[in-house]
Amino acid sequence: RIQTQNKIIEGLKVQMLGLQEKIFRRKIKMKDEYGNEFPEWEFKNGGDLFYNATNKNHNSDLPILAITQDHGAIPRDSIDYQISVTDKSVESYKVVEIGDFIISLRSFQGGIEYSNYRGICSPAYIILKNKCEIEKLFYKYYFKTVDYIKLLNKKLEGIRDGKMISYAYFSEIPLPYPNLKQQIEIASVLHTFEEKIEIEIRILKGYSRQKQYLLQQMFV
DNA sequence: GCTCTGTAAAGAATTTCGGA
DNA sequence: TCCGAAATTCTTTACAGAGC
């Protein structure tokens, strides 16, 4: 049963990727509530939609965020990974607001991260804030697509450990800019799908616990 | 040994300051 | 008031340390 469940999850993940690809390459077109197709997407440069925020106005009392590829931006306390932190450097940390995007030192591998938290992070990261009205979830998914990561890598030369993607570089990359309604529509579709996967993962965890319990009973 | 995050230090840019 | 130098702030990069 656990194996079957694993397969279901894998299958859903593949579907999720396929869905993202289709949506962002505009192979499926969404329709609005009246059944009309949305207008063609516009494309804007990253610099037109986001600006580079460097806000250091904090009293070192905000939680320190770790920028991970797996979970995006999360508080350092909630992951099992201790990093050497020097107290003095915390003073120069940048403030991250809820809904900001963060270009990490590894963005050429895992895309651009989205923050659900308010906190501070190392100044080596670039904080992006939206200039005009956007559906953040839409871009959250877009920044994680394989296509976009490929775009990020396209112009990068000599990729090596710790290579930084500068804001200037980001701002030159075109981003899709469908109208707001469509952005929300797409974001909600993807979000629903993601939730579905999470539910399946929870079921899997339930199975695993059951198995452990049963095994324990057998040997008692 | 490899991958991953984050620091420290070097380098670049911007602002401040003083003298003419 | 303008120019150049010094100081400060911001950006970039090499590499350290944690965990597998």
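From a predicted model like this one, the values you see are computed outputs, not experimental measurements. Throughout, a chain's letter reflects where its sequence line sits, starting with A, and its residues are numbered from 1. Excluded from the calculations below are hydrogen atoms, water molecules and symmetry mates; all remaining heavy atoms, backbone and side chain alike, are included.
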- Task: May I ask you to test the A:Y141-A:F24 pair for a side-chain heavy-atom distance under 4.5 Å?
- Result: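 In short, these two side chains touch, coming nearer than 4.5 Å.
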- Message: If you only use heavy atoms from C-beta on, which nucleotide in C:dT12, C:dT11, B:dG6 is closest to the side chain of A:A66?
- Response: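 Nearest to the side-chain atoms of A:A66, counting from C-beta on, is B:dG6.
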- Listed nucleotide nearest any side-chain atom of A:K94, set C:dT13, C:dT11, B:dG6: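 So the nucleotide nearest the side chain must be C:dT11.
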Residue-phosphate contact under 4.0 Å: [X] side-chain N/O, [N] OP1/OP2:
X: A:Y125; N: B:dG6; value: yes
X: A:N52; N: C:dT11; value: yes
X: A:T54; N: C:dC10; value: no
X: A:Y93; N: B:dG6; value: no

Whole-Å distance separating the [atom1] atom of [X] from the [atom2] atom of [N]:
X: A:I74; N: B:dG6; atom1: CD1; atom2: P; value: 10 Å
X: A:I126; N: B:dG6; atom1: CD1; atom2: C1'; value: 15 Å
X: A:Y167; N: B:dA12; atom1: OH; atom2: C1'; value: 19 Å
X: A:I64; N: B:dG6; atom1: CD1; atom2: C1'; value: 11 Å
X: A:F170; N: C:dT12; atom1: CZ; atom2: P; value: 14 Å

- Aromatic contact, A:F143 with A:F101 (centres under 6.0 Å):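 Yes, the ring of A:F143 comes within the 6.0 Å limit of the ring of A:F101, centre to centre.
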- Message: Suppose we screen for salt bridge (charged side-chain N to carboxylate O under 4.0 Å, His left out). Which residues come up paired with A:K129, at least two apart in sequence or across chains?
- Response: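 By the salt bridge (charged side-chain N to carboxylate O under 4.0 Å, His left out) rule, A:K129 matches A:D100.
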- Item | Parallel, tilted or perpendicular: ring planes of A:Y148 versus A:Y142, cut at 30 and 60 degrees |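 Tilted.
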